[in-house]
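All residue numbers in this chain count up from 1 along the given sequence.
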Amino acid sequence: MKKLFATLLALTLCCSMATTAFAAEINQDSDPKTGNTTITTVKDPTYIVVIPETAQIEFDVGSNPIGSIEYKEGNLEPGAEVTVELKNASALAHKEDAKYTIEYAVCKDGEAFTSVVYNEQTAAGTKTALTADITKEAWEAAKAGNYEATLTFEISYENK
């Protein structure tokens with residue numbers, strides 16, 4: 001009796017563990033059947049922005065070209081922007097004695113440059129020309145020697 005009970009219990013346990021697969025059932029009547037499938041994909045935005053690597057400025061020139069920021073190419077989302085911001089402009093300091101500096105301003109079209117924004121409407125190859133503007137008085141007060149400054153730009157992407 002114990003063996004029969006154990007066998008029935010084992011058989012019941014095996015049946016309860018079996019899984020059944022169900023499929024959608026379509027009736028074969030005269031009405032047409034339709035269903036929808038949604039297909040999605042994502043293409044990530046891309047862009048190339050080039051900033052000047054080095055620039056040599058001439059002594060005693062008020063507005064020296066220092067190169068251009070170039071929006072070389074891009075595929076941006078609608079409403080998105082690429083911003084190039086001047087985060088830091090170190091002092092134009094004497095390389096032998098940093099206490100000697102030449103005052104200057106980074107400018108675009110004669111105005112102080114802080115940032116430029118490119119968007120999906122910006123043409124590939126668009127350039128933003130920059131200058132280092134130095135007054136006559138600053139040039140006259142400069143000590144003889146080599147000077148160097150570093151400009152730090154931050155390039156960011158934002159989808160508004």
For this session: Scan side-chain atoms only and decide if Asn75 and Thr46 contain a donor-acceptor pair under the 3.5 Å cut-off.
Result: no
Exercise. Ignoring hydrogens and geometry, is there a side-chain-to-backbone donor-acceptor pair from Ser90 to Thr150 under 3.5 Å?
Worked result: yes
Problem set entry | Side chains of Val82 and Leu76 in contact at under 4.5 Å (non-hydrogen atoms) | yes
Problem set entry | Euclidean distance, Ile66 CD1 relative to Thr54 OG1, rounded to 0.5 Å | 11.0 Å
Exercise. Within a strict 4.5 Å, meaning less than it, do heavy atoms of the Ser68 and Thr128 side chains meet?
Worked result: no
Exercise. When you look at CD of Glu58, are more than 12 heavy atoms from neighbouring residues, nucleotides or ligands closer to it than 6.0 Å?
Worked result: no
Problem set entry | Heavy-atom pair of closest approach, residues Tyr104 and Ala91 | CE2-C, 4.2 Å
For this session: Go through the steps for Tyr100 and Lys95 under the test side-chain contact (heavy atoms from CB on, under 4.5 Å), then give the verdict.
Result: CA-CA 9 Å; Tyr100 299 110; Lys95 288 178 81 173; over 6 Å; no
Problem set entry | His94 (side chain) donor-acceptor with Ala144 (main chain) under 3.5 angstrom | yes
Problem set entry | Non-hydrogen atoms of Val61 and Trp139 that approach each other most closely | O-NE1, 2.9 Å
Problem set entry | Over all atoms of both residues, closest heavy-atom pair of Ser156 and Tyr47 | C-OH, 4.3 Å
Exercise. Is it true that a side-chain atom of Glu70 and a backbone atom of Val49 form a donor plus acceptor pair closer than 3.5 Å?
Worked result: no
Seminar exercise, completed: Interatomic distance, CD@Glu154 vs CD@Glu85, rounded to 0.5 Å, equals 6.0 Å
Problem set entry | Backbone of Thr131 reached by a side-chain donor or acceptor of Asn64 within 3.5 Å | no
Problem set entry | Over 12 foreign heavy atoms within 6.0 Å of CD, Glu103 | no
Exercise. To the nearest 0.5 Å, what is the distance between CD (Glu73) and OH (Tyr118)?
Worked result: 14.0 Å
Problem set entry | Heavy-atom check, side chain of Val50 versus side chain of Ile69, under 4.5 Å | no
Exercise. Roughly how far, to the nearest 0.5 Å, is CD1 of Ile155 from CD1 of Ile51?
Worked result: 5.5 Å
Problem set entry | Check: Glu81/Asn119 side-chain N/O donor and acceptor closer than 3.5 Å | no
For this session: State plainly whether one hydrophobic cluster holds both Phe59 and Tyr147, where clusters connect Ile, Leu, Val, Met, Phe, Trp and Tyr through side-chain heavy atoms under 4.5 angstrom apart.
Result: yes
Seminar exercise, completed: When every non-hydrogen atom of Thr122 is compared with those of Tyr71, the smallest separation belongs to CG2-CD2, 3.5 Å
For this session: Return the minimal non-hydrogen interatomic distance between Gly79 and Glu120, and the atom names on each side.
Result: N-OE2, 3.2 Å
For this session: Enter the distance from Leu92:CG to Glu148:CD here, rounded to the nearest 0.5 Å.
Result: 9.0 Å
Exercise. For the atom pair CD1 (Ile134) and CD1 (Ile57), what is the distance rounded to the nearest 0.5 Å?
Worked result: 3.5 Å
